[in-house]
Amino acid sequence: MSKMTAEQEKGIFKAAVVVNDEAGLPNFMTMFYMEPGTYKPEDVPEMFKVDGKTVAAVLISQYTNAMINNIPVSLPYQKPAESMSLDESAAACRRKGPGWHLMTNAEWVYLMKDAAAAGHTISGNTDYGKNADDPEEKGYCYDGYTVLTGTEPLSWSHDGTPEGVFGLCGNFWERVAGLRLHKGVIEYIPDNNAAAEDFKPQDPAWTIARTEEPGEEGLPFGNPLYLDAQCGKVVLTDGQIAGGWNCCHMRDLQLAGSLKEVPEIIHRLGILPQDWQQEKAGIWVDSELEEAVPFRGSSFSNTSNGGVTALFLNYARSFVYYDVSFRSALYLEDWKLVTEILKRA
């Protein structure tokens, strides 16, 4: 096990563990766990805030999931699952047992922050089995374009270690829960509540991202934030939208309306990184759809616009494709379960 670096030094640890689900299937997981009493409630990282509680641990599949007997699993030397809709992927993860869920946007963002804190740039399969920027980085390519789980080099781990989460950049786009566009409006599920429940399109829990976040009274203020397609580019705005779809490198995204800089909520949701003006990874949006759900991390074919920050908000939740997959995660409320897992590890 290893202690997390810089950003999360206050008693948050991680360890590579193997956990069986209720079907008895083993899963290779990276467990992030927080010692009781480490944080004041207001300082707890969002990933550990689930349904109004502070959980003891969040375990994230080390590998993009494969399917065994209709159950998703995180195992090495597997072909990742493909062509499953958002609702099908989420339901499959719930079948693993209590606490299991489709990986959330909050968890994805946490991994990106952990990588930055470790000083590691996440790499991956963005060029048919190899990395577009460094062709010497490659995994075992079984079909001419995608690689088997567990055959990736360490640079494809989120923190550059064997204990990290692999496959976040390239190979397959991955679904995450808790983020969407609703007719261009950016909406999210607060904290890591998307781990506790699969929120349907009309659920009132969906929260509008605004230029300023709610005050102490809990009342929203600030203008709603939109992602739109205008003049051949993706636009972040708090003003009127044209309606349409397009994509661009993040560095080419334009600000409109009254925005002079990117609001903090956009960085917190991982829609744009802090250094977005230098980021070549792509962003795709469709502001005409009733609901556009996210794919993250790019695929094997994103040679010029791939990367862990790449974000696709361009399709409905029913959309399926052969380069879109997912991974499961698990939260644990009981510290005793965490210590038992560590003993077995």
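Side chains included, hydrogens not; waters and symmetry mates left out as well; all remaining heavy atoms used. Just so it is clear, the model here is predicted, and its values are computed rather than measured.
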Check the pair Leu289, Trp245 against side chain to side chain contact (heavy atoms under 4.5 Å, CB included), reporting the backbone distance first and the verdict last. CA-CA 9 Å; Leu289 282 178; Trp245 65 270; over 6 Å; no
Please determine whether salt bridge (Lys or Arg N to Asp or Glu O under 4.0 Å) holds for the pair Asp127 and Lys130, giving the CA-CA distance in whole Å, both sets of side-chain angles, and the decisive distance to 0.1 Å. CA-CA 5 Å; Asp127 188 12; Lys130 59 186 181 297; 3.5 Å; yes
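Under the 4.5 Å side-chain contact rule for hydrophobic residues, Leu313 and Leu236 share a cluster. In the hydrophobic cluster analysis, where Ile, Leu, Val, Met, Phe, Trp and Tyr join through side-chain heavy atoms closer than 4.5 angstrom, Tyr110 is grouped together with Val176. No continuous path of hydrophobic side-chain contacts links Leu272 to Val235 [ILVMFWY only; heavy atoms under 4.5 Å]. The same ILVMFWY cluster, assembled from side-chain heavy atoms under 4.5 Å apart, contains both Met29 and Phe13. Connection of Ile71 to Leu102 is not established within any shared hydrophobic cluster, with ILVMFWY side chains joined at heavy-atom distances below 4.5 Å, either directly or through further cluster members.
Residue Trp156 holds its CH2 atom at 7.5 Å from OG1 of Thr151, rounded to the nearest 0.5 Å.
For Asp133 and Lys280, the salt-bridge test passes: some basic side-chain N is under 4.0 Å from an acidic carboxylate O.
Side-chain contact between Ile68 and Leu75 is present, with at least one heavy-atom pair separated by less than 4.5 Å. When side chains are defined from C-beta on, Cys248 counts as touching Ile283, because their heavy atoms get closer than 4.5 Å. Side-chain contact between Val17 and Arg344 is absent, with no heavy-atom pair separated by less than 4.5 Å. Side-chain contact between Asn27 and Lys96: present, with at least one pair of heavy atoms (C-beta onward) separated by less than 4.5 Å. A 4.5 Å side-chain heavy-atom check between Asn302 and Trp173 finds at least one atom pair inside the cut-off. Side-chain atoms of Leu181 and Ser287, non-hydrogen and from C-beta on, never get closer than 4.5 Å to each other. Counting only heavy atoms from C-beta outward, the side chains of Asn125 and Cys141 never approach each other to under 4.5 Å. In this structure, the side chains of Asp203 and Glu197 come closer than 4.5 Å at one or more pairs of heavy atoms.
Listed by chain and residue number, nothing satisfies the salt bridge (charged side-chain N to carboxylate O under 4.0 Å, His left out) test with Glu82 (two or more places apart in sequence, or in another chain). Here Asp134 pairs with nothing under the salt bridge (charged side-chain N to carboxylate O under 4.0 Å, His left out) rule; sequence neighbours left out.
Minimum interatomic distance between Asn20 and Pro26 (heavy atoms only, all atoms of both residues): OD1-CA, 3.2 Å. Counting all heavy atoms, side chain and backbone alike, Met47 lies closest to Val50 at O-CG2, 4.1 Å. Contact detail for Ser304 and His249: the closest heavy-atom pair is O-CE1, 3.2 Å. When every heavy atom of Pro162 is checked against every heavy atom of Gln62, the shortest pair comes out as O-NE2, 3.0 Å.
For residues 254-266, no pair satisfies salt bridge (charged side-chain N to carboxylate O under 4.0 Å, His left out), with sequence neighbours left out. For residues 234-244, the set of pairs meeting the side-chain hydrogen bond (donor to acceptor under 3.5 Å, both in side chains) definition, not counting sequence neighbours, comprises Asn223-Asp238, Asp238-Ser258. Sorted by first and then second residue, the salt bridge (charged side-chain N to carboxylate O under 4.0 Å, His left out) pairs involving residues 176-186 (not counting sequence neighbours) are Arg180-Glu187, Arg180-Glu291, Lys183-Glu290. Sorted by first then second residue, the ring-ring contact (aromatic ring centres under 6.0 Å, His included) pairs that include residues 324-345, not counting sequence neighbours, are His101-Tyr331.
Defined by atom type and a distance below 3.5 Å, a donor-acceptor pair is missing between the side-chain atoms of Asp87 and Ser85. Judged by distance alone, the side chains of Ser328 and Ser61 do bring a donor and an acceptor atom under 3.5 Å apart.
Aromatic rings of Tyr321 and Tyr315 (six-membered ring for Trp) have centroids beyond the 6.0 Å cut-off, not under it. Taking the six-membered ring where the residue is Trp, the centroids of Trp284 and Phe312 are separated by under 6.0 Å.
Tyr142 OH: more than 12 foreign heavy atoms inside a 6.0 Å radius. Other residues, nucleotides and ligands place no more than 12 heavy atoms under 6.0 Å from the NZ atom of Lys79.
Lys14 pairs with exactly one of Thr30, Asp159, Thr161 by the side-chain hydrogen bond (donor to acceptor under 3.5 Å, both in side chains) rule, that one being Asp159.
Between Tyr128 and Tyr145, the ring planes lie perpendicular to each other; the angle is over 60°, past the 30° to 60° tilted range. Using bins of under 30°, 30° to 60° and over 60° for the plane-to-plane angle, the ring pair Trp206/Phe199 lands in the perpendicular bin.
Within the 3.5 Å criterion, the main-chain N or O of Trp108 finds no donor-acceptor partner in the side chain of Arg296.
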